[in-house]
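Everything on this sheet refers to the single structure shown next.
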Protein chains: 2
Amino acid sequence: MPKIVNHDERKNTIAEAMWRVILDKGMEGATVRNIAEEAGLSLGALRYYFKTQDDLLVYAMDLVRERAKKRIEKILLQSLSPKELVIAMILEIVPVNTDTRIEMEVWFAFIAYVKHRSDTIDVPDDQILEMTERLLGFLQDQQLLKSTCQMEMEIERLYGLIDGIAIHAVLNPERLDSERIRKTIIYHIDSICR
Amino acid sequence: MPKIVNHDERKNTIAEAMWRVILDKGMEGATVRNIAEEAGLSLGALRYYFKTQDDLLVYAMDLVRERAKKRIEKILLQSLSPKELVIAMILEIVPVNTDTRIEMEVWFAFIAYVKHRSDTIDVPDDQILEMTERLLGFLQDQQLLKSTCQMEMEIERLYGLIDGIAIHAVLNPERLDSERIRKTIIYHIDSICR
DNA sequence: TCCTAATTAGCACAGCTGTATTAAAACGAA
DNA sequence: TTCGTTTTAATACAGCTGTGCTAATTAGGA
């Protein structure tokens, strides 16, 4: 009879410990021993929850996506004007606070690592591109886009801008603080809307 | 009496071998043994040219910057209109061909790695931000910028766009090919110029 | 209480890591 | 040639890596 207890919550705890290790020591520092220590567990205990290190890796990656997804879904519950909604969604992706910055930094580390292991670990598809397409399509449906806008180019531009700002916020948070990010995003959205 | 021979060229050869290893196996695969094998040298030989692995790392990073710098300086020798010049410079940074893609990918790997070793290796400053500032300042001096443009925001936006597109070109080159990059950059520059 | 399964801790092992050391080879100048 | 320096090769070593294995501990149901 399995203990109904916090098996899954424990897995999340370990995954979050992995995040913290990656944040602190980078991907090369994300060893099972470091992660176990950060999580306050023994090697054997960690190995009980995750058979191999790769199992932990994909679990930790999925957790990032799940958390981000939940945060974004929350925005839909608010009542916002179309433009406000678009801006709010983008600001939930780009690192404007500690949570989002951690997730984004860890995500980049994952992606860069997994890229060279695509034979054994399948690279998760980028949801940001999809979201960008949807947001711009939404603005167009609402007749908010300037007539001079070319959809295909606008998608590429906003998509690049989001990840570019995300990178800069991760690598240089003191230069590109949250207020500056916010202003830039709003500036861009304003520039493509009537 | 030192042999005048290809000591420095050999160092470049090794550094480029390191690039190839990083490209193929990622930063975790960039061990001295892998690099030595890729360069066709023994461990001892490699160690003769670079006392420690960190020495090789900073040398290989500097080589990336040096190569990029030279390529950009070449553009100044051409006779281009202001707008053409700006676009040409941006396209020399962003990965539109094999050389630039290799450099950009390796550069990102370096930056991500060095970030967690800032105590022992000093993180090189970002020249792209400087260049972006200069390019936009140049456009303004030439009276080419639209009056609605806010300089500070335009810098942040172009800077983000450049690195964002660079990331996307590195991670997904078959989707974001060179033609698409070119079109996007030109589209953006056109959008901020009269 | 006892019993069984879940959970934990610890150790062992083979492999890879960076680097130090040492000797051998190659080579240019006398 | 012979010498002295540059260059190469090979090995050794301590430390860390992921993971397999085994025994100890815990805890919940009978």
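Each chain gets a letter, A, B and so on, in the order the sequences are listed, and its residues count up from 1. Every heavy atom of this structure was used, including side-chain atoms; hydrogens, water molecules and symmetry mates were not.
- Ionic pairing of B/Glu105 and A/Lys115 is present here: one or more N-O contacts between side-chain nitrogen and carboxylate oxygen are shorter than 4.0 angstrom.
- Distances shown here put every side-chain N or O of A/Arg10 at or beyond 4.0 Å from the OP1 or OP2 atom of C/dA6.
- With rounding to whole Å, B/Lys51 atom NZ is found 11 Å from C/dT21 atom P.
- In this structure, B/Ile121 places its CD1 atom 14 Å from C1' of C/dG18, rounding to the nearest Å.
- Contact annotation: B/Tyr48 side-chain N/O to D/dT8 OP1/OP2 distance is not under 4.0 Å.
- Rounding to whole angstrom units, CZ of residue B/Phe50 and P of D/dT8 are separated by 13 Å.
- Look at CD1 on B/Ile35: it is 10 Å from P on C/dT17, rounded to the nearest Å.
- Remark: B/Glu37 CD is loosely packed, at most 12 non-hydrogen atoms of other residues, nucleotides or ligands lying under 6.0 Å away.
- In this structure, the side chain of B/Arg194 engages the main chain of B/Gln143 through a donor-acceptor pair within 3.5 Å.
- Among the heavy atoms of the strands lying under 4.0 Å from B/Thr31 are primed sugar atoms or P, OP1, OP2 only; no base atom is included.
- Atom pair A/Leu46:CG and C/dC11:P shows a separation of 18 Å (rounding to whole Å applied).
- Of the candidates D/dT19, C/dG18, C/dT8, C/dT8 carries the atom nearest the A/Tyr49 side chain, counting heavy atoms from C-beta on.
- Between A/Leu43 and B/Glu28, the residue whose closest nucleotide on DNA chain C is further toward the 5' end is A/Leu43.
- Within a 6.0 Å sphere centred on NZ of A/Lys146, other residues, nucleotides and ligands contribute more than 12 heavy atoms.
- Distance from the side chain of B/Val32 is smallest to C/dG18 among C/dG18, D/dT8, C/dA12.
- Taking atom CG on A/Leu57 and atom P on D/dT19, their separation rounds to 11 Å, with Å as the unit.
- OP1 and OP2 of C/dC11 both lie 4.0 Å or more from every side-chain N or O belonging to A/Arg33.
- Under the side chain to side chain donor-acceptor pair (under 3.5 Å) rule, A/Tyr187 has a single partner from B/Arg157, B/Glu154, B/Glu156, B/Gln150, which is B/Glu154.
- Taking atom CG of residue B/Asp55 and atom P of nucleotide C/dT19, one finds them 9 Å apart after rounding to whole Å.
- Put simply, CG on A/Asp54 is 16 Å from P on D/dT17, counting in whole angstrom units.
- When the nearest nucleotides of DNA chain D are assigned to B/Gly40 and A/Asn34 by heavy-atom distance, the more 5′-ward of the two goes with B/Gly40.
- Comparing C/dA9, D/dA9, D/dT19 by their nearest atom to the side chain of A/Gln53 picks out D/dT19.
- Across C/dT8, D/dT8, C/dT19, the shortest atom-to-atom separation from the side chain of B/Ala45 is found for D/dT8.
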